[in-house]
2 protein chains.
Amino acid sequence: MTYKKTQDFDKDFQEIATYARILSHPARIAILSYLAKTNSCISGDITNEIPLSRTTVSQHLQELKKAELITGEIDGVKICYCINSQTMKKCTDLFGKLFKNITKTKCC
Amino acid sequence: MTYKKTQDFDKDFQEIATYARILSHPARIAILSYLAKTNSCISGDITNEIPLSRTTVSQHLQELKKAELITGEIDGVKICYCINSQTMKKCTDLFGKLFKNITKTKCC
DNA sequence: AATATATGTCGTATGTTTGCAACATAATTC
DNA sequence: GAATTATGTTGCAAACATACGACATATATT
């Protein structure tokens with residue numbers, strides 16, 4: 001086996017990398033952005049906003065849900081997806097801390 | 001062709017997604033972190049710090065360089081990699097703005 | 001100029017992500 | 001209970017990412 005050595009790294013680095021991967025696709029950023037600025041968080045409305053097939057948008061939603069960046073609540077036939085503020089805050093802090101640490105004003 | 005629709009999204013989203021992809025591997029975060037906290041920015045020293053082969057570390061360095069998050073200057077036989085503060089600042093701002101936008105205290 | 005040292009590039013194996021059509025399910029309405 | 005509506009799941013193909021050994025290059029030292 002010649003694959004995946006992510007677990008050989010610092011736990012913090014692994015965690016940030018995981019969130020970064022979620023944010024590494026514009027569709028997922030677009031979904032989060034849309035959820036933040038509207039109150040209509042119905043799956044179908046999200047799909048209409050994203051220039052991808054229903055299937056693909058659904059998959060991106062599942063990834064965001066798995067990472068706990070969003071929640072999904074069944075409401076009759078429809079499903080309401082919302083931003084998970086708690087995880088989002090954690091994420092904001094992690095990235096904030098990272099960028100603070102790796103900002104360097106001068107080099108050798 | 002059934003692939004890659006990233007260009008169908010908002011330019012800002014594409015840009016953040018690109019930086020997020022760079023940060024989506026712990027080795028690259030470890031490299032940036034190491035460069036920030038030490039003055040020894042020689043390629044060989046970085047390689048010794050990362051639990052991956054020289055080849056693989058070199059590839060991660062190339063990716064960071066391509067994204068302009070680091071610079072690489074030849075110094076005799078050695079190469080000195082340094083954090084590109086300008087790009088890093090831009091990156092910090094982009095993510096800061098994103099997280100500020102998608103932080104929502106309540107949902108439907 | 002031969003040798004040693006530092007580093008990059010190529011080729012390749014394998015795992016992961018992206019995207020979608022087709023099918024499945026589950027609540028609602030007629 | 002049949003049709004409709006909203007949504008998730010499966011399976012597949014193409015593209016991309018990860019990892020590394022082997023080879024290439026380029027400076028420094030003897």
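Proteins come first, then strands; the chains are lettered A, B, ... in the order of their sequence lines, and each starts at number 1. For the numbers below, each heavy atom of this structure counts, side chains included, while hydrogens, waters and symmetry mates do not. Computed from a prediction, not measured in an experiment: that's the story for all the values here.
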* Look at A/K97 together with A/D93 and state whether they make a salt bridge at an N to O cut-off of under 4.0 Å. => no
* Just checking A/I74: base, sugar-phosphate only, or nothing, at a heavy-atom cut-off of under 4.0 Å? -> nothing
* **Basic-acidic side-chain contact under 4.0 Å: A/E49, A/K37** => no
* Decide if atom CD of B/Q86 counts as having more than 12 heavy atoms of other residues, nucleotides or ligands within a radius under 6.0 Å. => no
* Asked: Do B/Y34 and B/I50 belong to the same hydrophobic cluster, where Ile, Leu, Val, Met, Phe, Trp and Tyr are linked whenever their side-chain heavy atoms lie under 4.5 Å apart, directly or via other members?
  -> yes
* Taking only the side-chain nitrogens and oxygens of B/K4, find out if one of them lies under 4.0 Å from OP1 or OP2 of C/dT17. => no
* Structure fact -> Scanning both residues in full, the closest heavy-atom pair of B/C41 with B/L35 reads CB-CD2, 3.7 Å
* Asked: Quick one: B/H60 NE2 to C/dT7 P, roughly how many Å, whole number?
  -> 17 Å
* Evaluate whether atom CD of A/E68 has more than 12 neighbouring non-hydrogen atoms of other residues, nucleotides or ligands under 6.0 angstrom away. => no
* Smallest separation among heavy atoms of A/D10 and A/D12, with atom names -> OD1-N, 3.0 Å
* To do: Calculate the interatomic distance between B/I50 atom CD1 and C/dT7 atom P; express it in whole Å.
  => 14 Å
* Where do B/F95 and A/F99 land on the ring pair (Phe, Tyr, Trp, His ring centres under 6.0 Å) test, with the steps shown first? -> CA-CA 9 Å; B/F95 276 86; A/F99 284 125; 5.4 Å; yes
* Rounded to the nearest Å, what distance is computed from the CG atom of residue B/L64 to the P atom of nucleotide C/dG8? -> 12 Å
* Between C/dG19 and A/T56, is there an OP1 or OP2 to side-chain N/O distance shorter than 4.0 Å? -> no
* **Atom-pair distance (CD on B/E63; C1' on D/dA17), nearest Å** => 8 Å
* To do: Please state how far atom NZ in A/K5 lies from atom P in C/dT14, giving the value in whole angstrom units.
  => 16 Å
* **Base versus backbone protein contacts along nucleotides 3-11 of chain D [heavy-atom cut-off under 4.0 Å; B, S, -]** => --BSBBBBB
* **Positions of residues 22-36 of chain A (non-hydrogen atom under 4.0 Å from DNA chain C), listed by number** => A/H25, A/R28
* Do the non-hydrogen side-chain atoms of B/L32 and A/L98 ever get within less than 4.5 Å of each other? -> no
